[in-house]
Every structure is written in structure tokens, then in C-alpha cells.
*Asks:* 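Attaching a single structure in C-alpha cells format; questions to follow.
Reminder, nothing fancy here: chain letters follow the sequence lines and each chain counts from 1.
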2 protein chains.
Amino acid sequence: MNQKVNSQEWAREKIRSAGLRATPARIATLKVLHGSESPLTHAEVSDELQNLEIDKATVFRNLTDLVAKNVIRRSALGDNVWRFEIIKESAHKPDSHPHFICVDCGSVSCMEDVELKRTSTSKSPLFERITEIVLRGHCNECA
Amino acid sequence: MNQKVNSQEWAREKIRSAGLRATPARIATLKVLHGSESPLTHAEVSDELQNLEIDKATVFRNLTDLVAKNVIRRSALGDNVWRFEIIKESAHKPDSHPHFICVDCGSVSCMEDVELKRTSTSKSPLFERITEIVLRGHCNECA
DNA sequence: ATTACACTTGCAACTCTATTGCGTTTGAGT
DNA sequence: ACTCAAACGCAATAGAGTTGCAAGTGTAAT
Ligand SMILES: [Mn+2]
Ligand SMILES: [Mn+2]
Ligand SMILES: [Zn+2]
Ligand SMILES: [Zn+2]
């Protein structure tokens, strides 16, 4: 119970300090994302919020607003659906990690323990400006 | 002129040896993809084929068929639109390369000269099954 | 060259994700 | 409590992609 109160207050503070109004829809949305280990689609967030009867346009707008304020991140993992996750503000790390999505079952994993490096032979200057890495393939469940 | 004939025949042969019928729509589609340095969206392919007045459903179906037959590859680069490119059959290489897409202007590059390696510390077994790598960021044109 | 039929196509209707316009409601500073 | 920009619900809209079905065509066999 205390946990719930904390989660509620954490969400409210997060939203307020981003310069947004702490509406029930936004608090609920952020709590849902906070409780997930992998990024969620708009549909998944909406489903979690169905008992609150929040309009889908509102959910979209709130997710977009929170992205604009750098509270959450929007990723496109290759199945033509946006996914959203909270940006963890670690001490010094930039909190940017590759995502893996299974082309068979669609399961998504945050690969926080993985880092990619370019081979020394490459001269491509594009590499300096990469902001997001998406890896697609077959997960362990899908042979 | 000889060039055109060769391209036409190359496309026909490619389609036929894949076990598909060499229809005008398919030949034209494959020629369009063959003439592009980066993967094209369905809309871009359709535009190139506008003078032939080929239905968009037909273009989608042909692209899908060619993907199923491993003649072309379908990639999702993060803007929720699929892109298609010819699979080059090099002697021994698997012809799989990362793609870069600019989050500002949407330009796409095939990064054939780039290779990614995982750091030795990572133990993630997912890494063994990766089939596609997508890199997103800011291109050189977009500061 | 003709035939036969499975494969392809065009068309329209449809699904799904996401966006937008607008009138109404509400959060939060005063 | 009052005020009003911010946020909301609702409905219409846009765009990518899919599907059912009747009509048309490529290809192999005659
Ligand atoms: Mn993540
Ligand atoms: Mn490519
Ligand atoms: Zn899987
Ligand atoms: Zn750019």
C-alpha cells in the first residue's frame, strides 16, 4: 500500500518537474510504464488503463508529451508500432541501450548489458551520430 | 538500350528462377529496386511505377512474394514504414548489412562497410540469433 | 498455335496505428 | 473561490498494409 502511494507520488513529481500538469491519465500512464521491464506499445498502455476509460487520443497525446519532455523514450522496433519506456536517470550514464525484438513472437528486450563497437576499419562518419540501436532476430523461446 | 534489355532479362530470370511468374508488374518492380542504392518504401516503388498504373495491392503482394522467395529483403528502419531492397548474392558473404536512417530527414543508407561486435563482457544469448541491425541517428546533412 | 488452369491482378472494402479539430473540462497558480 | 491555459473526450481523418472476389494472364502441356 505504501508502495502504491510512493509510486503515485513518484509519478506526480516526475510529471510536474517536467513542466506538465499531473492529470490522472498522465499519472496512470507513467505508473504503467514504470511497472514494465520492457517498452510498451500504445495499445498495451491503453489496455492497462481501460478501467479508467481514458480516450486513446489522450493516451497518445500524453505519451507524445512525455517524450517531448524527455521523461519517456519512444522507440520503433520494426513492427510498425511505437513503443514507450521510462528514461532511467542514472548518475552518469546516458541510459541508452539497444533493444532486441523477436521477429517471430514480437517479444522485446532491453539489452542494457550490451554494447556495440565499430570495427576499426570503418570510416563511416555516420557512426558518430548514432542515437539508437535496434537488433532484430529470433529469441530463445522461438527456435 | 542494351542496358535496358539486360536489366529486363535479368529481372525476368531472377523472378522465374525464384519460382514466380514473370509478370510486367514484377519485372518493373524488380528493375526499380535494382536501380536504387538504398532500400525503397512501398510508396516509393509505387510512384516509380505510376505510368504502368499498377494497383498498390498488387505492388504489396509482389513485394511480399519476392521477400518470401528471398529475392528481396524487407527491413523496418524505425519510421513505421517497410523498405525493400534486392538481396545481392555475393560469392560467400551472406549479404547482410546494418542500415542507418536519419531521424531528422529520413534518409537511409546501407552500411555495407560496417560491422558490429559485442563486447566480451556480454553474456546475452540473444546475440547469437540477430538477423538485422538498425542504426538511427542524425546524418551528416542534418547538423 | 491452341488450350487449360493455377497464378496474378484490379478494385473495393477493411483493419490497424496514429493524428487532428473542436468544444468542454480541469489542474494549479493567484 | 476564481481564472485560463492546458488537457480532455469525441469524432473525423490520414496513411500503411491486408483481404475477398471476380476477371485476366503467364506458362506448360497438347
Ligand atoms: Mn529499453
Ligand atoms: Mn541495404
Ligand atoms: Zn520469439
Ligand atoms: Zn538527415
*Asks:* Looking at every non-hydrogen atom in both residues, tell me the closest pair between Ala76(B) and Asn80(A) and how far apart they are.
*Replies:* CB-OD1, 4.5 Å
*Asks:* Does OP1 or OP2 of dC7(C) have a side-chain N or O of Thr23(B) closer than 4.0 Å?
*Replies:* no
*Asks:* What's the CG-P distance between Asp65(B) and dT18(D), to the nearest Å?
*Replies:* 11 Å
*Asks:* Hey, is the main chain of Arg136(B) close enough, under 3.5 Å, to the side chain of Thr131(A) for a donor-acceptor pair?
*Replies:* yes
*Asks:* Describe the nucleic acid contact of Asn80(B) in one word from base, sugar-phosphate, nothing, applying a heavy-atom distance below 4.0 Å.
*Replies:* sugar-phosphate
*Asks:* Nearest whole angstrom, please: distance from the P of dA18(C) to the CG of Asp79(B).
*Replies:* 12 Å
*Asks:* Near DNA chain D, which residues from residues 45-64 of chain B have a heavy atom under 4.0 Å away?
*Replies:* Lys56(B), Ala57(B), Phe60(B), Arg61(B)
*Asks:* Starting at CD1 of Ile27(A) and ending at P of dT26(C), how long is that distance when rounded to a whole Å?
*Replies:* 15 Å
*Asks:* Can you tell me how far P of dT27(D) sits from CG of Leu20(B), to the nearest Å?
*Replies:* 10 Å
*Asks:* So His97(A) and Met111(A), side chain to side chain contact (heavy atoms under 4.5 Å, CB included) or not? Walk me through it.
*Replies:* CA-CA 6 Å; His97(A) 52 267; Met111(A) 306 188 75; 5.7 Å; no
*Asks:* Where the side chain of Arg12(A) is defined as all heavy atoms beyond and including C-beta, which of dA7(D), dT18(D), dA28(C) is the nearest nucleotide?
*Replies:* dA28(C)
*Asks:* Specify the closest pair of heavy atoms between Ala18(A) and Val71(A), including all atoms of both residues, with the distance to one decimal.
*Replies:* CB-CG2, 3.7 Å
*Asks:* Rounded off to whole Å, could you give me the CG-to-P distance for the Leu40(B) and dA16(D) pair?
*Replies:* 14 Å
*Asks:* So, is Arg16(A) near the phosphate of dA28(C), with a side-chain N or O under 4.0 Å from OP1 or OP2?
*Replies:* yes
*Asks:* Map Arg74(B) and Pro24(A) onto DNA chain D by nearest heavy atom, then report which one ends up closer to the 5' terminus.
*Replies:* Pro24(A)
*Asks:* Does Trp82(A) put a side-chain nitrogen or oxygen below 4.0 Å from OP1 or OP2 of dA18(C)?
*Replies:* yes
*Asks:* Rounded to the Å, how far apart are Arg26(B) CZ and dG10(C) P?
*Replies:* 11 Å
*Asks:* Between Ile15(A) and Ile27(A), which heavy-atom pair has the shortest distance, and what is it?
*Replies:* CD1-N, 3.6 Å
*Asks:* Would you state whether a donor and an acceptor, one from the side chain of Arg21(B) and one from the base of dA6(C), lie under 3.5 Å apart?
*Replies:* yes
*Asks:* Just how far, in rounded Å, is C1' of dT17(C) from CG of Leu77(A)?
*Replies:* 15 Å
*Asks:* Through what angle, rounded to 10 degrees, does the axis of the helix from dA1(C)-dT30(D) to dT30(C)-dA1(D) turn between its ends, using five pairs per end?
*Replies:* 30°
*Asks:* Ignoring hydrogens, what is the shortest heavy-atom contact between Val134(A) and Glu132(A)? Give both atom names and the distance.
*Replies:* CG2-OE2, 3.9 Å
*Asks:* Minimum heavy-atom separation for Val45(B) to Leu40(B), with atom names?
*Replies:* CG2-CB, 3.9 Å
*Asks:* Could you check His99(B) against Glu85(B) for side chain to side chain contact (heavy atoms under 4.5 Å, CB included), going step by step and ending with a plain yes or no?
*Replies:* CA-CA 11 Å; His99(B) 286 107; Glu85(B) 68 182 336; 2.8 Å; yes
*Asks:* Which atoms form the tightest heavy-atom contact between Asp104(A) and Cys142(A), and what is the distance?
*Replies:* OD2-CB, 3.5 Å
